[in-house]
Amino acid sequence: MGVTTADPPVPADPVFPRLGNSGYEVESYDLEFVYRPEGQKVPVEAEAVITARSSVELQKFSLDAQKMHVKSVTVDGEDARFTLAKKKLQISPASSVAPNHVMRINVRYDVDPRGSGASGWVDTGRGFALAPQPDKAHTVFPCNDVPWDKADFTFRVSVTRGSDAVAVASGLPLKPPETRGAYTTYTYGTVHPVAPELVQIAVGRYETEEIGTVDGVPISLVLPRGAAGRFGQLDMAVEQMRWAVRELGPFPLEAYGLMPLDTDGEVPFGFHALETHTLTVYDPSYLSSTPLESVAPHMMHELVHSWFGGSVTPKTWADNWISEGHANYYGLTYRFAQGWSTNDGRHRSMESLMADFYRSGDVYRAQYGPVARPTKESLFSEQVYRGGPLVLYALEQKVGKAAFRQIERSFLAAYEGGSASTDDYIAHADRIAPGQGVKGFLESWLKGTETPPMPNHPDWKVTPPPKG
């Protein structure tokens, strides 16, 4: 029997159960975009070549796809029947796919990144960038849009010859730009496996400047043309990398870049910054209008995502605290290490801030649920950004700084390049600090409906949530 297109992934993502597809795992994506904005009804002509290994016999299968016009599909070079509906590109190959077969799926399609709304495209006015997180990669390219199915990526992006625009993407340039006919093509490739929601492709008036290396890893600024000197705070990235490496271990990706978007729009993608593979994209108006002591901890937060989120990706979106909780924890640790107070001036130490977070612990749980059981609505709530760091602070208080540091660094080493669940983190911490009851401790902190007592702080009390 073949796998039906209605089959959910196994296990289904608890936050986005309609995304993900069973019967195969993706090995690589080869994406080609031709960007033609001048008078074109649909300015991006695209082709996705997806290499995937089947786990069972497939008479039909599906990819996640939405907001695109699919023109043709082939499987292993043969035309396949297809339909696009309800976020699924349902494919019936000419011949059934045998188990453990590496199939090559070719999808040709058109898509419009301009003002597309509720999609992974960001219309910058002079080009585009991507913001696929958490569930919008499938509006950019057909994919298995779940965080655990990481793959290699190659990008070929063509822009009109002689225009002001260039293309940049996740990974490293594979060759110099090539000009043929009416277009110049930019080619990038990744070295480490990437989750679909972390892909970045951008077109705009950009210039790339390498500002240093740390342990051989290049660190670059990708700036809008003429913006040199406008975003001086980004030069801190080299020293921040050294700080993060001392805390977390070797940088786990092939490069790191920071890219203020080439746009005059305010809050172009709804938030100040977004971590994508090897490139953190920034709202330029945020950088221009925010004091250094606020921007720099945010920069550290995004940098730490290279370890937690990029290299070690949450297995499902219920595990998002592993990414956001760690990024915020180390962003705050860095803030206080520099002697800076919180933005409101109320806290000058981690202990003071965590006491404040602790008081609100039951309020967060009542409003948003446990830290490791978010809903779609609470996926990026205060429970993740405050409750997540609070869990890590509690663990450090319980096992001590040395054991906590060992847990963190060995967890990153154990799951580097893959994905990890909340249960994986709990089990790993319990192995590193045996005999201390870490498993039950973290189960209560991450999955419980009430905030547990804080080790070493018996005087800390929670505020009861409002009734009704």
Check: Would S352 and S349 satisfy side chain to side chain donor-acceptor pair (under 3.5 Å), going step by step from the backbone distance to the final call?
Finding: CA-CA 5 Å; S352 172; S349 71; 4.6 Å; no
Next item on the list: Apply side chain to side chain donor-acceptor pair (under 3.5 Å) to the pair D30 and T154, showing each step before the final yes or no.
Entry: CA-CA 5 Å; D30 191 325; T154 302; 4.8 Å; no
Notebook entry, point to check: So K401 and E396, salt bridge (charged side-chain N to carboxylate O under 4.0 Å, His left out) or not? Walk me through it.
Noted result: CA-CA 6 Å; K401 290 184 180 296; E396 182 186 19; 2.9 Å; yes
Next item on the list: Could you give me the CA-CA distance, side-chain angles and deciding distance for R18 and D64, then say whether salt bridge (charged side-chain N to carboxylate O under 4.0 Å, His left out) is met?
Entry: CA-CA 9 Å; R18 292 177 63 89; D64 297 311; over 6 Å; no
Checklist line | Stepwise side chain to side chain donor-acceptor pair (under 3.5 Å) test for E275 and Q133 | finding: CA-CA 9 Å; E275 75 281 3; Q133 192 182 139; 2.9 Å; yes
Margin query: Using salt bridge (charged side-chain N to carboxylate O under 4.0 Å, His left out), reason through D423 and K447 one step at a time and then give a plain yes or no.
Written below: CA-CA 10 Å; D423 288 343; K447 301 177 183 180; 2.6 Å; yes
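Side-chain N or O atoms of Q383 include one that pairs as donor or acceptor with a backbone N or O of G369 at under 3.5 Å. With hydrogens and angles disregarded, a donor-acceptor distance shorter than 3.5 Å links the side chain of K150 to the backbone of S311.
Contact of the L332 side chain with the Y393 side chain is not registered, since no non-hydrogen atoms from C-beta on lie closer than 4.5 Å. Side-chain contact between F231 and L221 is absent, with no heavy atoms from C-beta onward closer than 4.5 Å. At a threshold of 4.5 Å between non-hydrogen side-chain atoms, the residues Q367 and S381 do not count as touching. Taking 4.5 Å as the limit, every side-chain heavy atom of H305 sits out of range of all side-chain heavy atoms of Y330. Between F141 and V107 there is no side-chain heavy-atom pair separated by less than 4.5 Å. Counting heavy atoms from C-beta outward, T263 and P284 have side chains that approach closer than 4.5 Å. L353 is listed as a side-chain neighbour of T342, based on a closest heavy-atom distance under 4.5 Å. Annotation: side chain of F357 is not in contact with side chain of T451 (no heavy-atom distance under 4.5 Å).
Checking E408 against H326 by side-chain atom types alone, a donor-acceptor pair falls below 3.5 Å. A donor-acceptor contact closer than 3.5 angstrom is absent between the side chains of Q240 and Y256. Under the 3.5 Å distance criterion, with hydrogens and angles disregarded, a donor-acceptor pair is assigned to the side chains of D319 and T422. For the residue pair D283/H272, the side-chain donor-acceptor check at 3.5 Å is not satisfied. Defined by atom type and a distance below 3.5 Å, a donor-acceptor pair is present between the side-chain atoms of S410 and H428.
Between F441 and W445, the ring planes lie tilted relative to each other; the angle falls in the 30° to 60° range. Classification of the Y364-Y368 ring pair by plane angle, with boundaries at 30° and 60°, yields tilted. Between F153 and Y29, the angle of the ring planes stays under 30°, which puts this pair in the parallel group of the 30/60° scheme. Using the six-membered ring where Trp is involved, F308 and F411 have ring planes that are parallel, under 30° apart on the 30 and 60° scheme.
Salt bridge annotation for E239-R242: present, with a cationic side-chain nitrogen under 4.0 angstrom from a carboxylate oxygen. Using a 4.0 Å cut-off between charged nitrogen and carboxylate oxygen, D262 and R225 do not count as a salt-bridge pair. K136 has no carboxylate O lying under 4.0 Å from a charged side-chain N of E197, or vice versa, which leaves the two without a salt bridge.
Taking OH from Y282 and OG from S288, the interatomic distance works out to 13.0 Å, rounded to the nearest 0.5 Å.
In terms of heavy-atom proximity, W121 sits nearest to P113 at CE3-CB, 3.2 Å. Between Y188 and P173, the shortest heavy-atom contact is CD2-N, 3.6 Å. The two atoms that bring D123 and G127 nearest to each other are OD1-O, 3.7 Å, heavy atoms only.
Checked against the 6.0 Å centroid criterion, the rings of H138 and F16 do not qualify as a close aromatic pair. Y358 has its ring centre no less than 6.0 Å from the ring centre of H457. With ring centers used as reference points, Y206 lies 6.0 Å or more from Y186.
Atom CD of E450 has 12 or fewer neighbouring heavy atoms from other residues, nucleotides or ligands inside a 6.0 Å radius.
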